[in-house]
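This report concerns only the one structure given below.
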Amino acid sequence: MRLRFAKMHGLGNDFVVIDAIRQHVELTPERVRFLADRHFGVGCDQLLVVEPATQPDVDFRYRIFNADGGEVEQCGNGARCFVRFVHEQRLTAKREIRVETRSGVIAPRLEENGLVTVDMGVPVLESARVPFVSDSDAVVQLLDVGGTSVAISAVSMGNPHAVQVVADVNGAPVASQGPLIEHHERFPARVNAGFMQVLDAHRIRLRVFERGAGETLACGTGACAAVVAGIRRELLSSPVRVETRGGELEIVWAGVGQPVLMTGPAVTVFEGEIELA
Ligand SMILES: N[C@H](CCC[C@H](N)C(=O)O)C(=O)O
């Protein structure tokens with residue numbers, strides 16, 4: 001099966017983007033892993049698939065697969081690339097679209113300055129809905145990570161996040177703690193592990209060990225989750241500039257029950273074709 005794709009990234013979090021409207025696509029976990037493989041395939045953190053909408057008042061359906069082949073609920077950097085892709089591929093002339101995902105509808109908008117703003121929806125803060133096994137919904141909870149007690153905030157942006165505060169992201173135990181948190185038994189759907197350094201009330205540095213992909217250069221939903229956790233912990237005030245290893249995002253959140261708005265770049269690197277077994 002010959003497959004056309006675009007290679008894109010949002011702050012170095014990179015994607016293979018596939019138009020499944022004008023081409024027939026049959027994806028299996030094995031095929032996703034092949035496409036994501038940086039030696040034997042194209043290489044990406046996530047695979048993004050554009051499908052026709054399945055519900056009214058929505059323009060497209062957006063499916064997201066991690067490099068490990070698993071399908072997930074949401075991808076923030078991918079949402080910015082999604083709207084640039086459907087615009088560049090002339091699948092729509094709209095600059096703001098409504099997109100259905102496994103975790104609800106999001107609304108990315110191409111700004112005049114070339115950046116993209118996405119309404120990422122309302123964060124979920126109840127432990128059971130993250131999901132995080134706990135009898136508390138407290139903003140800070142202790143997690144036993146390999147014998148170390150780590151204070152985390154559990155937040156869902158449609159996908160699960162466990163955010164901790166560190167003194168210095170560059171010295172943070174991302175490689176050692178990341179996998180232990182990702183696979184922690186109290187996160188039954190696994191989890192993205194965020195490591196946030198607070199620079200001031202409107203600025204943080206962030207590294208994320210992503211579920212199903214490992215550490216990425218940036219994580220859009222991770223930036224949203226970190227700002228929500230920081231505001232709830234009264235360490236941050238909206239708007240917040242999030243410095244990731246791949247560049248900067250701006251996050252706006254007006255508080256509990258309100259949507260999170262994320263603004264950042266989306267880049268098309270090249271288009272290609274590949275033969276799938
Ligand atoms: N690894 C994430 C999906 C990709 C999220 C990230 N790339 C973003 O920009 O939000 C998960 O398993 O929930």
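Indexing begins at 1, ligand by ligand and atom by atom, following the structure's order. Note: hydrogens, waters and symmetry copies are ignored here, and every other heavy atom, side chains too, is used.
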Practice task
Among Glu182, Glu210, Glu185, find the one that has a salt bridge (Lys or Arg N to Asp or Glu O under 4.0 Å) with Arg190.
Solution key: Glu182

Proximity flag [X] to ligand 1, non-hydrogen atoms under 4.0 Å:
X: Val72; answer: yes
X: Gly212; answer: no
X: Asn13; answer: yes
X: Met157; answer: no
X: Asn192; answer: yes

Backbone or side chain, does any N or O of [X] fall under 3.5 Å from an N or O of ligand 1?
X: Asn77; result: yes
X: Ala218; result: no
X: Thr221; result: yes
X: Phe15; result: no

Problem - Numbered atoms and elements of ligand 1 in range of Gln74, under 4.0 angstrom, heavy atoms - result: 3 (C), 4 (C), 5 (C)

Practice task
Under 4.0 Å from a heavy atom of Glu210: give me the atoms of ligand 1 that qualify, with their elements.
Solution key: 1 (N), 2 (C), 3 (C), 4 (C), 5 (C), 6 (C), 7 (N)

Problem - Under 3.5 Å donor-acceptor, Tyr62 side chain and Ala79 backbone - result: yes

Practice task
Enter the distance from Leu27:CG to Leu3:CG here, rounded to the nearest 0.5 Å.
Solution key: 7.0 Å

Exercise for the section: Please state which part of Asn66 comes within less than 4.0 Å of ligand 1, counting heavy atoms only: side chain, backbone, both or neither. Expected result: side chain

Exercise for the section: Answer yes or no: are there more than 12 heavy-atom neighbours, outside Phe40 itself, under 6.0 Å from its atom CZ? Expected result: no

Handout entry: Flag if over 12 foreign heavy atoms under 6.0 Å of CZ, Arg2
Key = yes

Fill in the blank from the handout: Exactly one of Glu271, Arg4, Arg84 clears side chain to side chain donor-acceptor pair (under 3.5 Å) with Gln89, and that residue is Glu271

Practice task
Determine the sole option in His9, Gln46, Arg38 for which the side chain to side chain donor-acceptor pair (under 3.5 Å) test with Asp14 is passed.
Solution key: Arg38

Exercise for the section: Name all residues meeting the side-chain contact (heavy atoms from CB on, under 4.5 Å) criterion together with Ser134; count only those two or more places apart in sequence or in a different chain, and write none if there are none. Expected result: Ser127, Phe132, Ser136, Gln141, Arg186

Exercise for the section: For atom 9 (O) of ligand 1, grab the closest protein heavy atom and report residue, atom and distance to one decimal in Å. Expected result: Gly220 N, 2.8 Å

Exercise for the section: Could I get the full list of side-chain hydrogen bond (donor to acceptor under 3.5 Å, both in side chains) partners for Thr101, not counting sequence neighbours? Expected result: Gln74, Ser103

